[in-house]
S.K.: 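The following block contains the structure, expressed as structure tokens.
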Amino acid sequence: MDPLLYGHNPEQGIVAVRQASDSTMRVYIRSPEGLTSKEVEFYPFFLLSDSSFLDNFPIKHWVKELQGSNFFRYLCAFTRWSEMWDAVHHIIEVYNRGAVKRVESFNDLPILHLRYDPVSQFLMQTGRTLFKGMNFEDLHRLQLDIETYTKHGQKFSNPNRPEDQIILIALSDNRGWEYVISGKNTSEKEMLLELVQIIRERDVDVIEGHNIFNFDLPYILKRCELCGIDFTVGRDGSSLRSSDSRSGSRERFTNYILYEIDGRHIIDTMLLLQSYDQSKRVLEHYGLKYAAQYFGFAKEDRMYIPADRISWYWDHEPDLLVRYALDDVRETRLLSDHLSRGVFYLAQMIPFNYGTAARLGSAVKIESLFVREYLHQKHSIPKPQMGAQTSGGYTDIFYTGLLGPIVDIDVESLYPSIMIGEKIGPKSDTLGICYRILENLTRMRLDAKRRMNKSENQTERMLLDALQSSFKILINSFYGYLGYSRGLFNDYEAADKVTQSGQKILHQLINSITSHLGIVVEVDTDGIFFVPPRSFQGEEKEKEFVKMISKDLPRGINLVMNGRYKVILSYKKKNYALLGYDNKIVIKGSSLISRSMEKFGRYFIQQCVDALLNRNINGLHELYLNVYRDIIEHKLSVADFAKTETLRESREEYLEAVEKGHRNRTAAYEVALANLTHWKIGDRIAYYITGTDMNVKGFEHCKLVDEWDPNFPDENMQYYLKRLLELAKKFEVFFTPEDFHAIFSTDDLFGFSAEGITPLMLHVPRVTEEVEEEESEVFQIHPTIELDESEHIV
DNA sequence: GGACTCCGTATACC
DNA sequence: ACGGGTATACGGAGTCC
């Protein structure tokens, strides 16, 4: 086991670490004899650039001068956590004596580097990590889901209302146990006490829930308070602790409170789902039921109950509600089986508690590997470099319109491959460990992948897949770390080298495809959509072609075929739609499919794309007429034309920015100001446009969705008609002006005929060619590129 | 009063 | 507490004619 990746301490079976006192850590260990714990001494530390700041600090401490000439040259250690903070305050005071700008917090001290999390400090300095020698299945994981009552006439449960009590607690674990605490014949207080008892008796390592940070835990805590009991679920009998918001900035970026339990971990599957989707970007939202269906483990007879019917079921059909709640915990368990496995493997490497590892971004994880090794070698550590990256991925579009057949190729792990192949890493990494870590991770990943592909055992394959994908996420983040402004080891020049190398490889591929008479349509960073040469049609030939053009690539750069499609509707850079051989349609890009677009607009665009891909011109016209009619006849409901936006600023920030002229008023915030007394950053608000003039200012004519009355619809019909035409105009480039006006118009007194209307394909003018060519080259689809059913070899 | 540009914010792609 | 750059859409404000 490589100590660079796993730390230098091989101790096995650590399931959790928790600060026990000012100077000790409690380490919980699982061994064949059961669970034990021990108290271990801990020496809090930070890094300093100049040891003289501590010259007159009276309390016992150590200052170790580190090797090398990086910025942070002194390691300062203490016997107590509180004394470390005394030292920090001492330094702030000394620093402010000579400073032009006073600093208030250790965060603003450029001469000091301190990791706030004591557990992480401990793991980093001892080289320990969690879960060594353990399998994911060795963890005892409990899933929890509560159902709550809602007072009649109210929309949501509110833990502050006495009658909105917890009515059901559904529980399950990864050993096949399931249990429901029902509130039918039990008081809420007894229910909560039983829950505490169960968690302690079953002595679980992990408590899991979907949206547990934002709903279940705060709700449970509030009800415990009302019942006058403590939620003492810690392994040492302590209560669940919510993070004191000492760092007031936490709220700014994350809209949940953190909870900690002594000796155990809390995992919110909703957060796991979000980070899963950050790389895949396939989920419409992060609801449990939707996710279960997406991953394909929702059972057929699964019980569904709408949120606003829960109280009714409790009053009339409590058994069905029990079934529903059990289905919820089951799906939570399956979701976690799927998503938390990777975090488990990661926690074996990085110096963080399991729950922390599930929440951290990848930059912090990578940096922790660097810092741990530098501390181990007693080597000085650099500070973040000032500056910025100057280049990024290469994106381009060569044709718009309908083209096919299409092959989609990808350079596999483009940036990490370049970093390894050309040995690019941070200049400040004087020990040269970046390359070693990256290479080792990659080797382990490929090894896991190879074993996965060879394995016949379904369970083993899943296990190895989780392993390799958790490596992959980390591997892919190394490039991002180079350009990360706050990374200690950042290096913008190195990041630029990587992207420029990437651009070169893409250009080489494009040239290769074109020289073989393939037609490159769209390019983005590491992927190319192109029409293969006529002599390479059909799946086998296409694969052969990909193999051929990959031959000239640098060593370590691998090409894979990502997919093949009947047609592409190429619209703009990063915006296209694909029609697969299974007739499924995929739409990509914010201008074609965006969460901020009104529902009717999304529907309209989707149907238009469908019609275009299938060359159904009549369908386009019909669609336009139908939506037009729906708008003028008030057939749409408020949900169809409302816009939902996320509030990313607080009331105060917004008002201040507007007043100072830094930003304009917008409808979303004006609606929020008028209707909400308070909102959290991250809250979403749905509104619609009122008035009669189609050119109204949105922020002056907007109403909350709830204010809309179907009996007196007051949406701005003219405005939404204008909006419809705006959306239709996205398709203007695909037709001649005459054709476009014929299709997207309602004045077809003499009937509409699609005859003679063909979508255009345009060669997008090259920026480098702009001198020679003013207007783009327009031509009808040529047989080589046209999708012609008869030509297909499927 | 429209056409135009500029700017900040939001969303999405890789 | 926090990976990155590239790209499009949109609303509002200011400017010009």
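Protein chains get the first letters and strands the later ones, always in sequence-line order, with residue 1 at the start of each.
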S.K.: Would you indicate what A:Y571 reaches in the nucleic acid, counting non-hydrogen atoms under 4.0 angstrom: base, sugar-phosphate, or nothing?
M.R.: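 Here A:Y571 touches the backbone only, sparing every base.
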S.K.: With both distances under 3.5 angstrom, what nucleotide forms a Watson-Crick or G-U wobble pair with B:dG2?
M.R.: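 B:dG2 is paired with C:dC16.
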S.K.: Among C:dT8, C:dC2, B:dT11, find the nucleotide with the atom closest to the side chain of A:S594.
M.R.: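 Selected nucleotide (nearest to the side chain): B:dT11.
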S.K.: If I take atom CG in residue A:D491 and atom P in nucleotide C:dG4, what distance separates them, rounded to the nearest angstrom?
M.R.: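 In whole Å, C:dG4 P and A:D491 CG are 15 Å from each other.
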S.K.: So, is A:Y576 close to the C:dA7 phosphate, meaning a side-chain N or O under 4.0 Å from OP1 or OP2?
M.R.: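 So the side-chain polar atoms of A:Y576 never come under 4.0 Å of the phosphate oxygens OP1 or OP2 of C:dA7.
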S.K.: Between C:dC10, C:dA1, B:dC13, spot the one nearest the side chain of A:L727, thanks.
M.R.: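 When the side chain of A:L727 is considered, C:dC10 is the closest of C:dC10, C:dA1, B:dC13.
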S.K.: By nearest atom, which of the nucleotides B:dC14, C:dC2, C:dG3 is closest to the A:K588 side chain?
M.R.: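 When the side chain of A:K588 is considered, B:dC14 is the closest of B:dC14, C:dC2, C:dG3.
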S.K.: Quick one: label A:T499 by what it contacts on the DNA or RNA (base, sugar-phosphate, nothing), any heavy atom closer than 4.0 Å.
M.R.: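 The answer is nothing, as A:T499 stays clear of every strand by at least 4.0 Å.
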S.K.: Counting heavy atoms from C-beta on, name the nucleotide in B:dA10, B:dT11, C:dT8 closest to the side chain of A:Y669.
M.R.: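 Selected nucleotide (nearest to the side chain): B:dA10.
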S.K.: Using a 4.0 Å heavy-atom cut-off, does A:S596 contact any base of the nucleic acid, only the sugar-phosphate backbone, or nothing at all?
M.R.: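 Since only primed, P, OP1 and OP2 atoms lie under 4.0 Å of A:S596, the category is sugar-phosphate.
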S.K.: Measure the distance from CG on A:L414 to C1' on C:dG4 and round it to the nearest whole Å.
M.R.: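 To the nearest whole Å, that distance equals 14 Å.
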S.K.: Atom NZ of A:K722 to atom P of C:dA9: distance rounded to whole Å?
M.R.: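 Value for this atom pair: 16 Å.
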S.K.: Which label fits A:F744 and A:F731: parallel for a plane angle under 30°, tilted from 30 to 60°, or perpendicular past 60°?
M.R.: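 Answer is parallel, since the angle falls under 30°.
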S.K.: Can you name the one residue among A:M597, A:R602, A:E598 that meets side-chain contact (heavy atoms from CB on, under 4.5 Å) with A:F600?
M.R.: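 Exactly one option meets the side-chain contact (heavy atoms from CB on, under 4.5 Å) with A:F600, and it is A:E598.
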S.K.: Scan every strand shown for a Watson-Crick or G-U wobble partner of C:dG3, both distances under 3.5 Å, and answer none if you come up empty.
M.R.: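 Because no pair has both required distances under 3.5 Å, C:dG3 counts as unpaired.
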S.K.: Any side-chain N or O of A:K574 under 4.0 Å from OP1/OP2 of B:dC13?
M.R.: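 No.
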S.K.: Taking CG from A:D108 and P from C:dC2, how many angstroms apart are they, rounded to a whole number?
M.R.: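 Nearest whole value for this atom pair: 17 Å.
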S.K.: Does the separation of the ring centres of A:Y374 and A:F489 fall below 6.0 angstrom?
M.R.: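 Here the rings of A:F489 and A:Y374 have centres that are less than 6.0 Å from each other.
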S.K.: Parallel, tilted or perpendicular: which one describes the rings of A:Y479 and A:Y415, with boundaries at 30° and 60°?
M.R.: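 The arrangement is tilted - the two ring planes meet at 30° to 60°.
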S.K.: To the nearest angstrom, how far is A:D526 atom CG from C:dG4 atom P?
M.R.: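 Answer to the nearest Å: 18 Å.
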S.K.: Tell me what A:R115 touches on the nucleic acid: a base, only sugar-phosphate, or nothing, going by heavy atoms under 4.0 Å.
M.R.: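 Counting heavy atoms under 4.0 Å across all strands, no contact is made by A:R115.
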S.K.: Using a cut-off of strictly less than 4.0 Å, decide whether A:R359 has a side-chain nitrogen or oxygen near OP1 or OP2 of C:dC2.
M.R.: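 Indeed not, no polar side-chain atom of A:R359 lies that close.
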S.K.: For C:dA7, does either OP1 or OP2 sit under 4.0 Å from a side-chain N or O belonging to A:T395?
M.R.: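 A:T395 to C:dA7 OP1/OP2: side-chain N or O found under 4.0 Å.
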S.K.: Parallel, tilted or perpendicular: which describes the rings of A:H507 and A:Y394, with under 30° parallel and over 60° perpendicular?
M.R.: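 Tilted.
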S.K.: Would you call the rings of A:Y294 and A:Y290 parallel, tilted or perpendicular, taking 30° and 60° as the class edges?
M.R.: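 Rings of A:Y294 and A:Y290: parallel, as their planes differ by under 30°.
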S.K.: In whole angstrom, what separates A:I593's CD1 from B:dA12's C1'?
M.R.: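 The answer, rounded to whole Å, is 11 Å.
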S.K.: Atom CD1 of A:I689 to atom C1' of C:dC10: distance rounded to whole Å?
M.R.: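 Result: 12 Å.
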S.K.: Is any side-chain nitrogen or oxygen of A:Y719 closer than 4.0 Å to OP1 or OP2 of C:dG11?
M.R.: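 True: A:Y719 side-chain N/O within range (under 4.0 Å) of C:dG11 OP1/OP2.
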S.K.: Where each residue is assigned the nucleotide of DNA chain C containing its nearest heavy atom, which of A:K730 and A:F699 is assigned the position nearer the 5′ end?
M.R.: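 The 5'-side residue here is A:K730.
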S.K.: Between P on B:dA10 and CD on A:E598, what's the gap in Å once rounded to a whole number?
M.R.: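 So the two atoms are 17 Å apart, to the nearest Å.
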S.K.: When you get a sec, tell me which of C:dA1, C:dG11, C:dT8 is the closest nucleotide to the side chain of A:K643?
M.R.: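 For A:K643, the side-chain atoms sit closest to C:dG11.
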S.K.: Look at the side-chain N and O atoms of A:K572 and state whether any lies under 4.0 Å from the OP1 or OP2 oxygen of C:dA9.
M.R.: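 Indeed, a polar side-chain atom of A:K572 lies that close.
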S.K.: Looking across every strand, which nucleic acid part, if any, lies under 4.0 Å from A:Y484 by heavy atom: base, sugar-phosphate, or nothing?
M.R.: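 The residue A:Y484 makes base contact.
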S.K.: Within the structure shown, what part of the strands sits under 4.0 Å from A:T666 by heavy-atom distance: base, sugar-phosphate, or nothing?
M.R.: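 The residue A:T666 makes no contact with any strand.
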S.K.: Is the shortest distance from a Lys or Arg side-chain nitrogen in A:K729 or A:E726 to a carboxylate oxygen in the other one below 4.0 Å?
M.R.: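 Salt bridge: no.
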